[in-house]
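Accompanying notes for the structure given below.
We count ligands from 1, going down the list as the structure has it; atoms in each ligand are counted the same way. Just so you know, these numbers come straight off a predicted model, no measurement behind them.
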Amino acid sequence: MESKHGDIYTAHGDDYNWNAAPGTWSPGVDFRGPTCAACHMSGAGTTLTSHDVTERLAWEIQAPLTIRPSEFKPFPAQNNWEVEREKMKVVCTQCHGKTWVDDHFVKLDQVVQEYNEVYFKPAKKMLDELYAKGLLDKTKFFDEKLEVEYYELWHHEGRRARMGAAMMAPDYAWWHGFYECKKRYNAFMEEARHLVESNQKAYTAPDFPNATGNTTKPREVFPTTQ
Ligand code: HEC
Ligand code: HEC
């Protein structure tokens, strides 16, 4: 809703033709700006209609480290990201020129690279070092402040930064995204370095709610991970 596409939908959505027959919903005729379904599901030229909303993705941007969908261990996609990227670009070129669309994906890929290399990988390396040195306790997750900070770095602002960039929402990419990543990263590293330099164990909350219990993944859903 923050993107220009969302603005156009907010202004003109009531006038879109929502009753077009499947496979005939045409930009410029039935609608003016893409909805979620227009980009992720509807057919467009050589890109066929699909109910698999993961199909046109070239990245797994919900994951801690951004990887290709075929590398996502819990649910590895059986496809080739370059083919899927092309399918998404065909959707865009219904309304935009090729250079405009190529530019958008150059930007998205740079955002992914920046997030992976500058924020996620060094934070993960530090977390692993703290576990290895015994300064953080690995038996439970979320019972130490740095575990929460690490989680929020990728799960909260790290996702907003990447998804905001993927879907043209500048405030999410920056203010709720990278800006917050910078603050979180600095706070995480400062505390982590302090523990390393003083060789001090992190405070462990003895009663952190829901930090205990069985975390075995259901075999029916995650057959490949156990
Ligand atoms: C203008 C086209 C467009 C619209 C409209 C759009 N998306 Fe996206 N979406 C994208 C692109 C492009 C990506 C990143 C594709 C890639 O992986 O290269 C993406 C990625 C995503 C992802 C991340 C998946 C992952 O983990 O990698 C989610 C979730 C998502 N979209 C949901 C939505 C929802 C919900 C809406 C409607 C509110 C929406 N999208 C509207 C184009 C669009
Ligand atoms: C149904 C037509 C339509 C489709 C499909 C579509 N867009 Fe757009 N897009 C628009 C319109 C209209 C605008 C507003 C142009 C303007 O402000 O002059 C826009 C704006 C944009 C902007 C500018 C955002 C900003 O904040 O300035 C970007 C980037 C963009 N689109 C990329 C894409 C990409 C990438 C895709 C495919 C994943 C896509 N669009 C699919 C119609 C479309």
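- At least one heavy atom of F105 sits less than 4.0 Å from an atom of ligand 1.
- With sequence neighbours excluded, the residues forming a side-chain contact (heavy atoms from CB on, under 4.5 Å) with E147 are Y131, L136, F141, D143, E144, listed by chain and number.
- Judged by distance alone, with hydrogens and angles left aside, the side-chain atoms of R68 form no donor-acceptor pair with the main-chain N or O of W59 at under 3.5 Å.
- Residue R56 places no N or O, backbone or side chain, under 3.5 Å from any N or O of ligand 1.
- Closest protein heavy atom to atom 1 (C) of ligand 1: C39 SG, 2.8 Å.
- Atom 18 (O) of ligand 2 is not flagged as protein-proximal [any protein heavy atom, distance under 4.0 Å].
- Distance check for M163 against atom 8 (Fe) of ligand 1: none of its N/O/S atoms falls below 2.8 Å.
- Of all the atoms in ligand 2, the ones that sit under 4.0 Å from a non-hydrogen atom of V91 are 5 (C).
- Residue-to-ligand polar distances keep H104 apart from ligand 1: every N/O pair is separated by 3.5 Å or more.
- Around atom 8 (Fe) of ligand 2, the protein contributes the following N, O or S atoms at distances under 2.8 Å: H5 NE2, H96 NE2.
- Close contacts of ligand 1 with E60, meaning ligand atoms under 4.0 Å from a residue heavy atom, involve 27 (O).
- Looking at residues two or more places apart in sequence or on another chain, you find a side-chain contact (heavy atoms from CB on, under 4.5 Å) between P122 and Y185, M189.
- For atom 15 (C) of ligand 2, the nearest protein heavy atom lies 4.0 Å away or farther.
- In terms of polar-atom proximity, defined here as any N/O pair under 3.5 Å, A58 does make such a contact with ligand 1.
- Remark: ligand 1 and T35 share no N or O pair separated by less than 3.5 Å (distance only, no angle test).
- Sorted by first and then second residue, the pairs that involve residues 75-84 and meet side-chain hydrogen bond (donor to acceptor under 3.5 Å, both in side chains), not counting sequence neighbours, are E84-K87.
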